[in-house]
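What follows is a single structure, written as structure tokens, with notes after it.
All values below were derived from every heavy atom in this structure, side-chain atoms included, with hydrogens, water molecules and symmetry-related copies excluded.
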Amino acid sequence: MPQTVLKDMEDRMSKAILALKKDLSSLRAGRANPAMLDRVMVDYYGSPTPISQLANISVPEPRMLTIQPWDKTALKEIDRALQQSDLGISPSNDGVIIRLIIPPLTEERRKELVKLAGKGGEEAKVAIRNIRRDANDDIKKLEKAATISEDESHRHQETIQKTTDKFIAEVDKIVKDKEKDILEV
């Protein structure tokens, strides 16, 4: 029974790490990355649709993304969605393909992105700590129900804390790597 609690906790913490990585991949670090378009939704026949489901996104140069829609009628909607997004990049539309030239980041924008990365890291840590609290509560319930002894309960709680520390250290490393990537000129 305690093993299922520990396994569930590790699975949930791993998902928190994956969510953090996905969030950080959408922060642009000065070079083109198709993941930076993941949050941009296009109004396609009345329903919000990710650009990746409407077009082929490629990186022909380190600072350029090209978006080639499979349905040519979606070109205007994709263009409009990109202009209204928080990317801060003006799309160049030639009627067949949309080009996004990624400008070099200013020092001020780099600092903003570092803050965003740190905020994402803090949110991931809070999620991991909440998972730890849930796991500790489950272990305490098992102890109250006399399913496990007090010593076993303490041993499992120590294991939970060590696992939590490991995942929080991983979050710190991911955020530190992303900050280094953002600040790299």
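For the pair Met13/Glu170, no side-chain contact is recorded, criterion being any heavy-atom separation below 4.5 Å from C-beta on. Looking only at side-chain heavy atoms (C-beta outward), Asp71 and Tyr44 come within less than 4.5 Å of each other. Side-chain contact between Phe167 and Asp172: absent, with no pair of heavy atoms (C-beta onward) separated by less than 4.5 Å. When side chains are defined from C-beta on, Thr163 counts as touching Met9, because their heavy atoms get closer than 4.5 Å. The shortest side-chain heavy-atom distance between Gln161 and Asp165 falls under the 4.5 Å cut-off. Side-chain contact between Leu37 and Leu82 is present, with at least one heavy-atom pair separated by less than 4.5 Å. Side-chain atoms of Lys21 and Ile174, non-hydrogen and from C-beta on, do get closer than 4.5 Å to each other. With a 4.5 Å cut-off on side-chain heavy atoms, Val175 and Glu179 count as touching.
Side-chain N or O atoms of Thr49 include one that pairs as donor or acceptor with a backbone N or O of Ser47 at under 3.5 Å. Between the Arg110 side chain and the Ile182 main chain, a donor and an acceptor come within less than 3.5 Å of each other. Judged purely by atom type and a 3.5 angstrom limit, Lys178 uses its side chain to pair as donor or acceptor with the backbone of Leu24.
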Report, one line per pair, each donor and acceptor closer than 3.5 Å where one atom sits in a side chain of residues 89-99; sequence neighbours left out.
from	atom 1	to	atom 2	distance (Å)
Asn93	OD1	Gly95	N	2.7
Asn93	ND2	Asp79	OD2	3.3
Asp94	OD1	Val96	N	3.0
Asp94	OD1	Ile97	N	2.8
Asp94	OD2	Arg99	NH1	3.1

Side-chain donor-acceptor contacts of residues 152-159 below 3.5 Å, not counting sequence neighbours, with atom names and distances?
from	atom 1	to	atom 2	distance (Å)
Glu152	OE1	Ser149	N	3.1
Ser153	OG	Glu143	OE1	2.7
Ser153	OG	Gln157	NE2	3.1
Thr159	OG1	Arg155	O	3.0

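Residues passing the side chain to side chain donor-acceptor pair (under 3.5 Å) test with Asp134, sequence neighbours excluded: Arg12.
Separation of atoms CG (Leu20) and CD1 (Ile128) is listed at 8.0 Å; rounding is to 0.5 Å. Note that the CD1 atom of Ile131 and the CD1 atom of Ile160 stand 12.0 Å from one another [nearest 0.5 Å]. Taking CZ from Arg39 and CG from Asp23, the interatomic distance works out to 8.0 Å, rounded to the nearest 0.5 Å. Here the CG atom belonging to Leu54 is positioned 13.5 Å from the CD atom belonging to Gln68, to the nearest 0.5 angstrom.
Lys141 and Asp137 are not joined by a salt bridge, as no carboxylate oxygen comes within less than 4.0 angstrom of a charged side-chain nitrogen. A salt bridge does not link Glu108 to Lys111: none of the charged nitrogens lies less than 4.0 Å from a carboxylate oxygen. Residues Glu112 and Lys115 are not paired through a salt bridge, judged by the lack of any N-O separation under 4.0 Å between the basic side chain and the carboxylate. With respect to the salt-bridge test (charged N to carboxylate O, under 4.0 angstrom), the residues Asp11 and Lys15 do not qualify. The existence of a salt bridge linking Lys125 and Glu122 is confirmed by a sub-4.0 Å separation between a basic side-chain nitrogen and an acidic carboxylate oxygen.
Asn136 and Arg133 share no side-chain donor-acceptor pair at under 3.5 Å.
The cluster map of Ile, Leu, Val, Met, Phe, Trp and Tyr, joined by side-chain heavy atoms under 4.5 Å apart, puts Met64 and Leu100 in different clusters. Both Ile67 and Val59 belong to a common hydrophobic cluster when Ile, Leu, Val, Met, Phe, Trp and Tyr are linked at side-chain heavy-atom distances under 4.5 angstrom. Taken together through direct or relayed side-chain contacts under 4.5 Å among Ile, Leu, Val, Met, Phe, Trp and Tyr, Trp70 and Ile57 form parts of separate hydrophobic clusters.
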Evaluation steps, salt bridge (charged side-chain N to carboxylate O under 4.0 Å, His left out), between Arg80 and Glu77: CA-CA 5 Å; Arg80 184 177 300 129; Glu77 289 299 324; 2.7 Å; yes

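Within a 6.0 Å sphere centred on NZ of Lys72, heavy atoms belonging to other residues, nucleotides or ligands number more than 12.
Considering all non-hydrogen atoms of both residues, Ala81 and Val42 come closest at CB-CG2, 3.9 Å. Of all heavy-atom pairs spanning Ala55 and Ile78, the tightest one is CB-CD1, 4.3 Å.
With Ile51 as the partner, the side-chain contact (heavy atoms from CB on, under 4.5 Å) test is satisfied by one option alone out of Leu65, Val40, Asn56: Val40.
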